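Shown next, in structure tokens, is the structure this report addresses.
Fair warning: this is a prediction, and the values are worked out from it, not measured in the lab.
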Amino acid sequence: MTATPLQAPAATHADSALAWRRALPLWIAVAAWIGLWYRDTARAMWDMWMFSDTYAHGVLVLPLALWLVWRRREHLATLAPRPAAWPLLLMAGAAAVWFLADLVVVNAAAQFAFVALLVLSVPAVLGAEVARALMFPLGFLFFGVPFGDFLLEPLMQGTADFTVAALRLSGVPVVREGLHFEIPSGSWSVVEACSGVRYLIASVMVGSLFAYLNYRSPRRRWIFVGVSILVPILANWLRAYMIVMLGHLSDNRIATGVDHIIYGWVFFGFVILVMFMIGMRWAEPEASEVSPQSGTRPAAGGAAASLAALAVMTAGAVMVAVAPHAAGSALAALERDDTPVLTAVAATGGWQPVLAPESVSLPAWKPLYQRPSAESAQVFGRDGSYVGLYLAYYRAQDAKRKLISQANILINSKDPDWALAGSGQRPVQAAGQRIDVRTAELRAGRVSGARQRIQIWRVYWVNGRWIEADVPAKLYGGLMRLAGRGDESAVMVLHTLHDGQRDPGEVLQEFLDANLPGIEQALVAARDGPGLSSLAATSGADGQ
């Protein structure tokens, strides 16, 4: 005689209906609670949807996700919501990610964590089986995160590479420098709008939705998603090439100005339409999940959860959502929010401040750093060489005002006076210490011919330490905040003119070697207050 294992009784439809009446209002309350506490993150997403053409599709994500849930309502009615404890651990992880992302002011990571909290609240309160039935609609919500700016530079580079190569294969002579090139009929530049990133993001979102609605096989779905990634990239390359050729062949009468944007969207729409028409050839019929007699069969998923279990899981989700804000408030209480003051750098080593910068040969140029807490721009000269020094200081950083941001750039891609001709990185020995700096070169005017050029060095200062790269600077800034030392950060930008007489790198090296201590002193005084401005600053003392 063998023993039969005990099994939980199957839930009836009455049980399922009762479970939904209990669980759904609690989940709505949890979702509203998360939205309330993370409203600043949600508002930042909304602002990107409203004011950025690249992420305007985000407005459609939530309505589409709700529609996808509505399509599954009959199947959901057969399930009995039962809360689970394990998603609380994942929610705690998402809350920790949000806390760290907020600490170092990385908007995209904080927004992904916010959406993850909403998504994970579904299995926590409604159960894993409900979440499994809604896997795609819940995953679709992540398309609402404005994410993809990191693709701009490689996509722009790829577009320029393809366009120049195609022009040369077409017999059109091309002179190229960076993302700018000239052909006999005129000058062209690959700017952000030419990168194709908005086509790519829109294509992946719409392609994923198309694959989910038309295919049942995971293999076909993933293949179509892969196609929706590849096609817009290739289409954008062809679009850029055709626009340049149309302008060239028409003597720039068509496909210039706003025309090339309109032609681009028309071409992109046509390509996506063709992609969907071809994709429909392999469409699979949707399998029925609920039979006509489903109203009389038992609900899946076992017995409905008790009200006590729902209350416990709901309370757990509420506590997890609040925890990072409590920790953030404790840290914020230790940080300063007053306005720092940047004092003028007192130059040494024979360098003298230029009181009328417009009277010297150094071109009038300044980097574009948004909303710094304090900034200063000075020009120094010695023996006919001139160096511009720009400092932007940041304190109490948030989503709209932060040192390391895609909005903080050397020049706008549509700048009528200057164009980025190249960039790199180099180590520099100055005042007895090594500093790695980013280098850049700006060019005035056309690609061909002799034109003014500016050599630029740029490096971050994070609470006393010089850091060249974005990610290490972010991480170190977060570490300083956790240590209770605040988010005191700045950028130093040096520039000098290519005058054809001296190597601009040598000029910048000499200036920095002589004046780095004075620059550090000004930054430390801004951090600690004017009362300490007389103290000499050393990176080793402040950065270790």
To the nearest 0.5 Å, what is the distance between [atom1] ([X]) and [atom2] ([Y])?
| X | Y | atom1 | atom2 | result |
| --- | --- | --- | --- | --- |
| R198 | L152 | CZ | CG | 9.5 Å |
| R371 | R401 | CZ | CZ | 9.0 Å |
| K400 | D47 | NZ | CG | 5.0 Å |
| Q406 | E153 | CD | CD | 9.0 Å |
| F140 | L60 | CZ | CG | 8.0 Å |
| Y241 | T163 | OH | OG1 | 10.0 Å |

Is there a donor-acceptor pair closer than 3.5 Å between any side-chain N or O of [X] and the backbone N or O of [Y]?
| X | Y | value |
| --- | --- | --- |
| N408 | K402 | yes |
| N463 | G477 | no |
| R382 | V507 | no |
| S170 | V172 | no |
| T439 | G424 | yes |
| Q378 | V345 | yes |
| T159 | W237 | no |
| R426 | V437 | no |
| T348 | A514 | yes |
| S203 | L200 | no |

Ignoring hydrogens, what is the shortest heavy-atom contact between [X] and [Y]? Give both atom names and the distance.
| X | Y | value |
| --- | --- | --- |
| I34 | M91 | CD1-CE, 4.2 Å |
| W365 | I456 | CH2-CD1, 3.5 Å |
| V104 | G478 | CG1-CA, 3.4 Å |
| A108 | P146 | CB-O, 4.4 Å |

Can you tell me which residue among D487, L482, L479 is in a side-chain contact (heavy atoms from CB on, under 4.5 Å) with L103?
L482
So [Y] and [X], do their side chains get closer than 4.5 Å, heavy atoms only?
| X | Y | result |
| --- | --- | --- |
| N107 | V105 | yes |
| N236 | P232 | no |
| T54 | M48 | no |
| Q452 | W418 | yes |
| L141 | L62 | yes |
| H495 | L442 | no |

Should the ring pair [X] and [Y] be called parallel, tilted or perpendicular, given that the plane angle runs from 0 to 90° and is split at 30 and 60?
| X | Y | result |
| --- | --- | --- |
| W46 | W49 | perpendicular |
| Y38 | W98 | perpendicular |
| W37 | H325 | tilted |

Is the shortest side-chain N to carboxylate O distance from D528 to R336 below 4.0 Å?
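The answer is no: the pair does not qualify as a salt bridge.
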For the pair R43 and D40, find out whether any cationic side-chain nitrogen is under 4.0 Å from an anionic carboxylate oxygen.
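Counted as a salt bridge, because a side-chain N and a carboxylate O are separated by less than 4.0 Å.
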Using the ring centroid of each side chain, check whether W351 and F380 are separated by less than 6.0 Å.
no
Salt bridge (charged side-chain N to carboxylate O under 4.0 Å, His left out) with E488: of R527, R481, R395, R465, only one passes, and it is R395
Step by step, work out the side chain to side chain donor-acceptor pair (under 3.5 Å) result for E520 and W466.
CA-CA 10 Å; E520 289 179 325; W466 296 105; 2.7 Å; yes
